[in-house]
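Report on the following structure.
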Amino acid sequence: MDEKDLGKDLAKVLIPEADLQAKVKELAAQIDADYEGKDLLLVGVLKGAVMIMADLARALHTPASMDWMAVSSYGSGTKSSGVVRILKDLDTDILDRHVLIVEDIVDSGLTLSWLVSNLRSRNPASLEICALLRKPEAVKMDLNVKYVGFDIPNEFVIGYGLDYAEKYRNLPFVGTLAPHVYGGNGG
Ligand SMILES: O=P(O)(O)OC[C@H]1O[C@H](OP(=O)(O)OP(=O)(O)O)[C@H](O)[C@@H]1O
Ligand code: HPA
Ligand SMILES: [Mg+2]
């Protein structure tokens with residue numbers, strides 16, 4: 001799927017594909033340096049993190065295991081409900097493992113705050129976060145995101161895993177939607 005397929009639904013391209021791919025390589029290099037010689041477990045947060053997880057994992061030189069958790073707080077709207085639900089738990093016991101949570105976006109920070117306290121209670125050897133995108137509200141939260149791709153403005157974004165009502169995840173870039181797609185009320 002590309003810009004042409006989106007037609008009038010796209011307001012603008014915020015981060016082009018080439019910039020995303022360059023940033024993924026940068027993040028992978030930092031992670032490689034920090035986890036050298038360690039047994040790394042990447043925990044991807046479904047479904048938004050599938051693209052960053054797939055690209056980041058392949059850009060790493062460090063051998064890494066991959067597991068997935070599915071949580072949801074947004075439903076089909078553009079605002080977090082604040083209630084995080086586990087839809088799928090990890091298959092792996094993370095006790096004494098070096099865990100790196102891989103996320104597409106920290107927006108309100110509610111999902112990751114909840115996830116960090118949930119995973120911390122399982123006593124991993126270490127627990128860090130890599131998020132491709134971060135919005136201003138999340139910066140205010142007491143949340144230590146060690147690896148951040150891009151700080152972006154407070155706009156609802158789509159593409160590269162990010163959806164609006166389950167659509168647009170398969171765009172190779174990150175963009176913003178035209179207001180008419182939201183039905184004019186911001187969701
Ligand atoms: O910082 P927050 O305000 O909590 O928002 C960030 C979370 O919201 C989105 O997931 P969503 O719950 O929409 O599920 P999805 O990944 O399946 O789209 C996104 O993928 C993050 O996980
Ligand atoms: O801006 C966003 N876009 C898509 N999904 C999201 N989940 C939190 N924030 C966003
Ligand atoms: Mg979503």
Side-chain angles (χ1 to χ4, degrees), residues 1 3 6 9-17 19-20 23-24 27 42-57 66-90 99-120 127-183 185-187:
M1 197 182 184
E3 264 174 81
L6 262 176
D9 286 2
L10 183 72
K12 67 167 184 284
V13 175
L14 200 65
I15 310 170
E17 183 175 3
D19 295 10
L20 288 174
K23 186 61 78 174
V24 167
L27 292 171
L42 302 173
V43 169
V45 186
L46 293 170
K47 294 177 269 202
V50 284
M51 303 299 178
I52 174 68
M53 180 78 155
D55 286 345
L56 183 73
M66 293 159 81
D67 201 350
W68 302 89
M69 241 171 122
V71 297
S72 196
S73 61
Y74 273 75
S76 61
T78 59
K79 297 235 160 64
S80 173
S81 65
V83 181
V84 181
R85 291 182 301 143
I86 294 191
L87 306 177
K88 184 217 167 286
D89 206 341
L90 297 174
V99 175
L100 178 62
I101 301 173
V102 179
E103 257 290 33
D104 52 345
I105 190 165
V106 219
D107 188 330
S108 68
L110 288 170
T111 303
L112 271 176
S113 299
W114 181 89
L115 199 60
V116 163
S117 64
N118 182 289
L119 295 186
R120 212 179 277 297
L127 182 63
E128 299 292 350
I129 301 166
C130 174
L132 179 70
L133 308 175
R134 180 170 64 180
K135 288 199 197 173
E137 239 181 281
V139 181
K140 290 185 251 159
M141 297 268 299
D142 181 24
L143 192 64
N144 178 28
V145 186
K146 187 162 184 185
Y147 310 97
V148 181
F150 301 91
D151 278 298
I152 60 166
N154 200 10
E155 287 177 285
F156 196 81
V157 289
I158 48 145
Y160 199 67
L162 293 141
D163 72 305
Y164 172 64
E166 296 300 328
K167 293 202 295 188
Y168 311 110
R169 291 194 201 269
N170 62 325
L171 289 168
F173 58 86
V174 171
T176 54
L177 280 177
H180 76 86
V181 181
Y182 297 80
N185 62 9

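One-based numbering, in listed order, for ligands and for the atoms of each.
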Checklist entry - Heavy atom of Gly109 under 4.0 Å from ligand 1? => result yes

Item to check | Matching residue for Leu133 among Asp104, Val106, Ile15 - test: side-chain contact (heavy atoms from CB on, under 4.5 Å) | outcome: Ile15

Checklist entry - Under 4.0 angstrom from ligand 2, any heavy atom of Asp163? => result yes

Checklist entry - Which distance, rounded to the nearest 0.5 Å, do you find between the CG of Leu115 and the OG1 of Thr111? => result 8.0 Å

Checklist entry - Between Gly48 and ligand 1, does any nitrogen or oxygen pair lie at a separation below 3.5 Å? => result yes

Next on the checklist: Tell me whether Lys23 contacts the main-chain N or O of Leu132 through its side chain, where contact means a donor paired with an acceptor under 3.5 Å.
Outcome noted: no

Checklist entry - For ligand 2, which atoms sit closer than 4.0 Å to a heavy atom of Lys135? => result 1 (O), 2 (C)

Checklist outcome for this item: The option among Leu143, Thr111, Leu133 carrying the non-hydrogen atom nearest to atom 7 (C) of ligand 1 is Thr111

Checklist entry - Can an N or O of Asp163 be found at a distance shorter than 3.5 Å from an N or O of ligand 1? => result yes

Checklist entry - What's the verdict on side-chain contact (heavy atoms from CB on, under 4.5 Å) for Phe173 and Leu6, showing C-alpha distance, side-chain angles and the deciding distance? => result CA-CA 12 Å; Phe173 58 86; Leu6 262 176; 4.0 Å; yes

Checklist entry - ligand 1 versus Asp104, non-hydrogen atoms closer than 4.0 Å: side chain, backbone, both, neither? => result side chain

Next on the checklist: Suppose we screen for salt bridge (charged side-chain N to carboxylate O under 4.0 Å, His left out). Which residues come up paired with Lys12, at least two apart in sequence or across chains?
Outcome noted: Glu155

Next on the checklist: Would Asn118 and Ile86 count as a side-chain contact (heavy atoms from CB on, under 4.5 Å) here? Give the steps.
Outcome noted: CA-CA 10 Å; Asn118 182 289; Ile86 294 191; 4.1 Å; yes

Item to check | Which of the ligand 1 atoms, numbered from 1, are nearer than 4.0 Å to a heavy atom of Glu103 | outcome: 20 (O), 21 (C), 22 (O)

Checklist entry - If you measure from each heavy atom of Arg169 to ligand 1, is any distance below 4.0 Å? => result yes

Checklist entry - In ligand 1, which numbered atoms sit nearer than 4.0 Å to a non-hydrogen atom of Leu46? => result 16 (O), 17 (O)

Next on the checklist: With a heavy-atom distance limit of 4.0 Å, tell me whether Val157 approaches ligand 2 through its side chain, its backbone, both, or neither.
Outcome noted: both

Checklist entry - How would you list, by chain and number, every residue that makes a salt bridge (charged side-chain N to carboxylate O under 4.0 Å, His left out) with Asp9, sequence neighbours excluded? => result none

Checklist entry - Can you find a pair of side-chain heavy atoms, one from Ile101 and one from Glu128, that are under 4.5 Å apart? => result no

Checklist entry - Which atoms of ligand 1 are found less than 4.0 Å from any heavy atom of Val106? => result 1 (O)

Next on the checklist: Please evaluate residues Phe150 and Val174 with respect to the criterion side-chain contact (heavy atoms from CB on, under 4.5 Å), reporting the C-alpha separation (whole Å), side-chain torsions for both, the decisive distance (0.1 Å), and the verdict.
Outcome noted: CA-CA 11 Å; Phe150 301 91; Val174 171; over 6 Å; no

Item to check | Heteroatom proximity flag, Phe156 to ligand 2, N/O under 3.5 Å | outcome: no

